[in-house]
There are 2 protein chains.
Amino acid sequence: MVTIGDVARAAGVSRSTVSYALSGKRPISRETKERVEEAVSSLGFTVHSGARALATSETMVLGLLLQFHEDEFPPAMLQYILAVTTAARKRGYDILMVTEPDGAGAIRRVTSSNMVDGVVLLDVTHDDPRVDALRESGKPGALVGLPMDTEGVDIFDLDFSGAGRMLVDHLHSLGHQEIVLISPPRDVFQRGAAYAWRFRDAALERAARHGIRLHAHYGESQEPAVEQSLHSILDARDQAGALIVHNDASIVALPSVLEDRGVKVPDDLSVVSLYSRNFGRSFRLPYTAVETSPDQLGQEAVQHLIRRIADPDNTPPVVRFVPPEITDRGSTA
Amino acid sequence: MVTIGDVARAAGVSRSTVSYALSGKRPISRETKERVEEAVSSLGFTVHSGARALATSETMVLGLLLQFHEDEFPPAMLQYILAVTTAARKRGYDILMVTEPDGAGAIRRVTSSNMVDGVVLLDVTHDDPRVDALRESGKPGALVGLPMDTEGVDIFDLDFSGAGRMLVDHLHSLGHQEIVLISPPRDVFQRGAAYAWRFRDAALERAARHGIRLHAHYGESQEPAVEQSLHSILDARDQAGALIVHNDASIVALPSVLEDRGVKVPDDLSVVSLYSRNFGRSFRLPYTAVETSPDQLGQEAVQHLIRRIADPDNTPPVVRFVPPEITDRGSTA
DNA sequence: CTGAAAGCGCTTACAG
DNA sequence: CTGAAAGCGCTTACAG
């Protein structure tokens, strides 16, 4: 391989001059700089990332920690992966993708071996063991999802409580008095994914205030249970005029379930949900929904994480809840 | 941070002894080894990955190169990502996920900076510029997808030609004489994704041999075009008794399109496709299909790549086409 | 069975 | 504006 020494020799300067010419960290004369650049490109020099990491204690790599749970709909997670990766690369960082089941162990592994400068945790739960592991690691981290103890970590999430209130208000303003809510699967609640109950509890509370009957049910995540559960919930609640679906697998399955049942939206039933624009496009979902903004969330998380890496102490901790925005697709009446 | 020197001091031995005790690359006395291990765990020592990479020229990281094209259905790619990541971790490797648009440049970047020991290329096309970049890099690579020039690279893919023949044979054995094929979008062909024409051409050839009329159409990848194209193709070909869908977005949209049209499977129409078990489960696809085996493909690619990293010269080049297997879900008659 | 030392390829004070 | 040298934390011949 070609090293900085080769470049120095070819350009007739010292290795330190090459390093400075490349980094711009001290002034270099115009002609020296040109000679260095010529040598670099003619030799095809690239800095050895391990050597640089050893010298600077910076890897320019971010860890992305995620898990594929049985109770989650895989396509939904992809949007966050892509958002984080793109945002990182735009700022010169690469992404180490870590998916092993033992997330806390994985954090210890990649931080203590100095493989990454910081980590992004996806799908953080209420008592997520990864959060303690992160704190102990001393590396900066950005969380997507809300843990019980937010001390010393940066948090980025949709305002699920606000989203729940917003959708209930929307249906209330149209005069609905009886609403069915399809939540994430029971396992998601038990796992401690706060987004599930933040949304549900806010919706319930808001409905109560409006005097609306809101029936909350758990949805499913795997077919054929998804469709079956939708049918049985709709069977049991056929007097309700509106449906709130906070469940990715269920919203994807809903169009064909409703078609099966001969239910017309919004004439027979008003439907609202939460999903991103791209998600809705992949599956042709025609429902009025709160935009979940994975791109924005991923970008803000990465941006803040990088700022904290650069200046761990003077960066204020942030708990950022992206305000919900509703996209009206005409599925309510 | 705690270094190997700290461990050596605590254990009362030299740094080299610590290194050897940890790696097992030379015999260490039982008691020395125990003292080292005790020091390691009490101090919480982990090898600095950059330092090790610098000393050994091995990073224990694999690059995973992929792009999200407009003309592809995102959820399908996720299965390969997960398969590769899991297989790599099982063998002690981490995954650097590289998604930038300039794939060839990305390969140059991560290989020449020695960030990875090898790369996996997903979705390789006929004249994929990444393949040349890979060859020039001198690093081992495993490709998923078939390039024009297979010299010096290892290839792992489904036998799409065999899959095309198998599905046509299956329909032929049931007496079908007129079949519609929905291929990937035109853009996928133009991009040079060989799997698209390998499947189609083999199906056409096989159909011709059987004296079957096979009408090949391009499908779409984005809603609402997907559904519209399905409707217009089915309108134009309403005399056909069987449908082969080689298009992820289309097969996901098919159930509701057929329901819309009042078409019963398999009574009115036989349907066959290609997708993985998990993919089918996510979307409740009830169709007889060739299993695309992303898990197996990912695992074989990683396994072979790691073998080649260990011994670049004595590892024979491989072009591996996983034989198609049909899963009968009763959607044909 | 163990140690002292060279070397991997960088960056960055220190010195001029 | 530039150079010589130390140092980052490992691994591995070399030597005993």
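Atom set for the values below is all heavy atoms of this structure, side chains included, hydrogens, waters and symmetry mates excluded. Below, chains carry the letters A, B, ... as their sequence lines are ordered, and counting in each starts from 1.
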- Which is true for Thr56(B) with a 4.0 Å heavy-atom rule: it touches a base, it touches only sugar-phosphate, or it touches nothing? sugar-phosphate
- Message: Rounding to an integer number of Å, can you tell me how far Ile4(B) CD1 sits from dA5(C) C1'?
- Response: 14 Å
- Message: In this structure, how many angstroms lie between the C1' atom of dG9(C) and the CE atom of Met115(B), rounded?
- Response: 15 Å
- Task: Report the distance from atom CE of Met60(B) to atom C1' of dC10(D), rounded to the nearest whole Å.
- Result: 15 Å
- Nearest-Å distance, CG (Asp6(B)) to C1' (dC8(D))? 13 Å
- Message: I need the CD-P distance between Glu34(B) and dT2(C), as an integer number of Å.
- Response: 12 Å
- Interatomic distance where CZ belongs to Arg9(B) and P belongs to dG9(D) [whole Å]: 12 Å
- Among dG3(C), dG9(D), dA5(D), which nucleotide sits nearest the side chain of Thr3(B)? dG9(D)
- Message: Under the criterion salt bridge (Lys or Arg N to Asp or Glu O under 4.0 Å), I'd like the reasoning laid out for Arg89(A) against Asp94(A): C-alpha separation, chi angles, the key distance, then a yes or no.
- Response: CA-CA 6 Å; Arg89(A) 192 81 273 286; Asp94(A) 276 287; 3.8 Å; yes
- Verify the contact: side-chain N or O of Ser29(B) to OP1 or OP2 of dC1(C), cut-off strictly under 4.0 Å; return yes or no. no
- Sidechain-backbone polar pair: Thr32(B) side chain, Ile28(B) backbone, donor-acceptor under 3.5 Å: no
- Note on the structure: Separation of dT12(D) atom P from Glu58(B) atom CD, nearest Å, is 9 Å
- State whether Lys25(B) places a side-chain N or O below 4.0 Å from either non-bridging phosphate oxygen (OP1 or OP2) of dT12(D). yes
- Mark yes or no for whether Arg130(B), through its side chain, and Ala104(B), through its backbone, hold a donor-acceptor pair below 3.5 Å. no
- Considering only heavy side-chain atoms of Ile28(B), the closest of dT2(C), dA4(D), dT11(D) is dT2(C)
- Message: Going by purine N1 to pyrimidine N3 plus the second Watson-Crick contact, or the G-U wobble pair, all under 3.5 Å, which nucleotide sits opposite dA13(D)?
- Response: none
- Query: Do Arg135(B) side-chain atoms and Glu151(B) backbone N/O form a donor-acceptor pair below 3.5 Å?
  - Reply: yes
- Using the C1' atom on both, measure dT12(D) against dG16(D) and round to a whole Å. 16 Å
- 5' priority, DNA chain C, between Leu54(B) and Arg30(B) [closest heavy atom]: Arg30(B)
- Query: Would you say the base of dA4(C) and the side-chain of Ser16(B) have a donor-acceptor pair closer than 3.5 Å?
  - Reply: yes
- Going through the checks in order, is the side chain to side chain donor-acceptor pair (under 3.5 Å) test met by Ser49(B) and Ser113(A)? CA-CA 5 Å; Ser49(B) 65; Ser113(A) 63; 4.6 Å; no
- Under the salt bridge (Lys or Arg N to Asp or Glu O under 4.0 Å) criterion, do Lys139(B) and Asp117(B) qualify, and how do the steps go? CA-CA 7 Å; Lys139(B) 294 267 185 195; Asp117(B) 295 334; 5.2 Å; no
- Query: Hey, what do you get for CD1 (Ile95(A)) to CG (Leu82(A)), rounding to the nearest 0.5 Å?
  - Reply: 11.0 Å
- Watson-Crick or G-U counterpart of dA4(D), or none if no pair lies under 3.5 Å: none
- Message: On DNA chain D, does the nearest nucleotide to Gly50(B) precede the nearest nucleotide to Thr32(A) from the 5' side, or the other way round? Give the residue.
- Response: Thr32(A)
- Counting side-chain heavy atoms from CB outward, which of dC10(D), dG3(D), dT11(C) is closest to Arg52(B)? dC10(D)
- Query: dT11(C) phosphate, OP1 or OP2: any side-chain N/O from Ser19(A) under 4.0 angstrom?
  - Reply: yes
- Donor-acceptor pair, Thr56(B) side chain versus Glu58(B) backbone, under 3.5 Å? yes
- Task: Without swapping roles, check the side chain of Gln67(A) against the backbone of Pro101(A) for a donor-acceptor pair under 3.5 Å.
- Result: yes
- Message: I need the CG-P distance between Leu22(A) and dT11(C), as an integer number of Å.
- Response: 8 Å
- Touch check for Thr46(B), heavy atoms < 4.0 angstrom, all strands: base, sugar-phosphate only, or nothing? sugar-phosphate
- From the candidates dC8(C), dG3(C), dG9(C), the one with an atom nearest any side-chain atom of Ala55(B) is dC8(C)
- Would you mind telling me which of dC10(C), dT11(D), dC1(D) lies closest to the side-chain atoms of Arg15(B)? dT11(D)
- Nearest of dC1(D), dG3(C), dC10(C) to any side-chain atom of Thr17(B)? dG3(C)
Restricting both atoms to N or O, compile the protein contacts to nucleotides 14-16 of chain C shorter than 3.5 Å, with distance only.
none

- Pro27(A) vs Ser57(A), nearer the 5' end of DNA chain D by closest nucleotide: Pro27(A)
